[in-house]
Amino acid sequence: MSPKPKDKPVLRSTRSYGGQGKDGFIHRSWMKSQGLPADAFDGRPVIGICNTWSELTPCNAGLRDVAEHVKRGVWEAGGLPLEFPAMSLGETQMRPTAMLFRNLLAMEVEESIRGNPIDAVVLLGGCDKTTPGQLMGAASVDLPTIVVSSGPMLNGKFRGRDIGSGTDVWRFSEAVRAGTMSTAEFMAAESGMSRTPGTCMTMGSASTMAGLVEAMGLALPFNATAPAVDARRRLIAHDSGRLIVRMAREDLRISKILTRSAFENAVRVLAAIGGSTNAVLHLLALAGRLGVPFELSDFDHLSSGIPLLVDLQPSGRYLMEDLHYAGGLPAVMKELDSLLNAGVPTITGQTLGESYAAAECFNREVIRPLSAPVKPASGIWVLSGNLCPGGAVMKPSAAANELFRHRGRAVVFESIEDLHARIDDPALVVDADSVLVLKGCGPKGYPGMPEVGNMPLPRKLLEQGVKDMVRISDARMSGTAFGTVVLHVSPESAAGGPLAVVRSGDEILLDGPNRRLELLIDAHELKARLAEWQQNQQPSKFTRGYYRLYTEHVTQAERGCDFDFLAGASGSMVERESH
Ligand code: FES
């Protein structure tokens, strides 16, 4: 039964729009300049629509249209929709890496929500860092929140076959370097790969985060998979607009949805879909905002035994459009039902289990049954050992089984510039058993922890037919990428982690099944090298602005690379008026 009017909670917007005095005049009058009628301020819920649309973020290009459909739903349900922009982070455009600015977006979103007279918020994001940045900011305010994602692009097409965002870029560029693809063909593939607005249509970081948002109950069913240009994307937006008004009235806050149980579901779904390692950082940072007890090691034990059910690139063959037509994430979650916390609440008022109970699978090649998965083990391996005291991660579903256990000599690159300068040098001392090690690509070192961990293989080995090698770094890897790649080594080299003192020729042991990553040198030698490294440290070159803030306050990978002073929440209350 809906509450009687006298029982309705007082909305926070009432403090701004409900007064009869000077302050109420100021808040309302300027808003009326946009053509809003007096009864727009009659105590109805005010819904902020936080939009990361930008022409510099083509993955989010459809969000202007999506916002209009959210507004229709809000008006229809008796709310007042007010759209506001937030910094957009175009993964393919920003330098040195969009991840450097995720926390800046999170700060902007947090303060925009808190500082404005809104009762609930719809987050419109999509491209990799926009979704987590918005979520982190919203979590620290804790209003009712819904996510509507951009949606994936339609499948890429090239020479009669489907090609996937990112994944085929890595394949094609290695083929060009190996001499098996011409530069003209490479250039032709460029136009066929990205042919509609929307996010990468592989199971990259954007699709992963959209999927996890849906799995955590913070978005409507099919939010992750409905293509950006599909009418159903608009329907999701419209329905989300209606729903957020109800959530505002019921005060159904984000913290009531994003519980520890919801995070556990996210990790299991991450494994089943073969999702991006970037989700590790984003979920850790998000949990830190909410005060949910959740650690790096949780990724390993919660995903252990979860099979890969979705046959999507980069771990498999198909693309997001195929996943949508096959039944979308609801069909995947129904398959996983016995392994999920099905009783958790979602934004609709249904439990998660109820939200996928009627789901059907229409293509068993794309979504496999639990009894016949694509791969029996998926998820994230969290490594430990003397080379990564704070941990490191590896995605076994995207790696070569024969390299899961490997011992080889390090070939060290001190920086990304060093890698580019020498990787194709015919004189480079390297063979297929070598372990490629890259330093200086962590959060502080680059700065921003770029997606360069899947470093290219040496040309001379590609020409010999080598397809994969063990690669280790403090960098991240694109969710669209693949290979036997150890990422997020912590502490990073720029923070004086053992990675900083690895030398070419050192032996390294990777034992994935036993979660070990060891630098096989004497403990005294390691200590001496680290002491020498400390003595040779130079002052930071980042002496001003955001780069200084970032390098002074960013945490290491096992804490999600959030700023140390942003952990936790400050709520939505602002005591003082502006005039
Ligand atoms: Fe934007 Fe992949 S580059 S989603």
Side-chain angles (χ1 to χ4, degrees), residues 51-64 66 86-102 105 123-135 147-156 162-173 189-214 219 223-230 233 270 273-279 281-282 312-315 318-321 323-324 398 448-454 475-482:
N51 198 345
T52 53
W53 172 91
S54 164
E55 287 183 343
L56 284 164
T57 309
C59 316
N60 294 5
L63 290 178
R64 263 189 174 165
V66 167
M87 182 183 191
S88 198
L89 308 176
E91 192 67 29
T92 55
Q93 311 300 313
M94 293 193 84
R95 301 172 76 174
T97 170
M99 180 65 174
L100 177 64
F101 308 106
R102 182 202 62 177
L105 168 62
L123 305 176
L124 305 188
C127 196
D128 296 14
K129 307 303 174 297
T130 53
T131 303
Q134 288 178 298
L135 280 172
V147 174
V148 181
S149 303
S150 306
M153 298 178 202
L154 295 181
N155 291 357
D162 285 354
I163 57 172
S165 313
T167 306
D168 277 310
V169 180
W170 319 127
R171 279 203 191 107
F172 292 163
S173 69
E190 188 176 298
S191 305
M193 183 167 285
S194 313
R195 59 197 188 88
T196 71
T199 51
C200 294
M201 82 312 262
T202 43
M203 188 51 79
S205 301
S207 297
T208 299
M209 289 309 297
L212 299 190
V213 161
E214 188 177 326
N223 171 68
T225 55
V229 294
D230 193 310
R233 173 69 39 199
L270 176 69
I273 62 177
S276 167
T277 47
N278 284 323
L281 302 170
H282 302 322
L312 247 65
Q313 294 185 27
S315 299
Y318 295 97
L319 297 168
M320 289 299 285
E321 196 183 337
L323 177 58
H324 185 61
M449 207 180 181
E451 294 182 332
V452 296
N454 56 319
R476 294 179 300 117
M477 172 172 86
S478 165
T480 64
F482 51 87

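Note that the coordinates shown come from a computational prediction; the quantities given were computed from them, not determined experimentally. Just follow the structure's listing: the first ligand is 1, and inside any ligand the first atom is 1.
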Could you tally the protein N/O/S atoms lying less than 2.8 Å away from atom 2 (Fe) of ligand 1? 1
Side chains of Thr57 and Ser88: donor-acceptor distance under 3.5 Å anywhere? yes
Any chance you could measure Met193, atom CE, to Phe172, atom CZ, to the nearest 0.5 Å? 5.5 Å
d(Ile273 CD1, Met203 CE) to nearest 0.5 Å is 4.0 Å
Heavy-atom closest pair (Pro197 atom, Ala61 atom, distance to 0.1 Å) is CB-CB, 4.1 Å
Carboxylate-amine/guanidinium contact Asp230 Arg233, below 4.0 Å: no
Shortest non-hydrogen separation from His324 to Pro227 and the atoms involved: CD2-CD, 3.7 Å
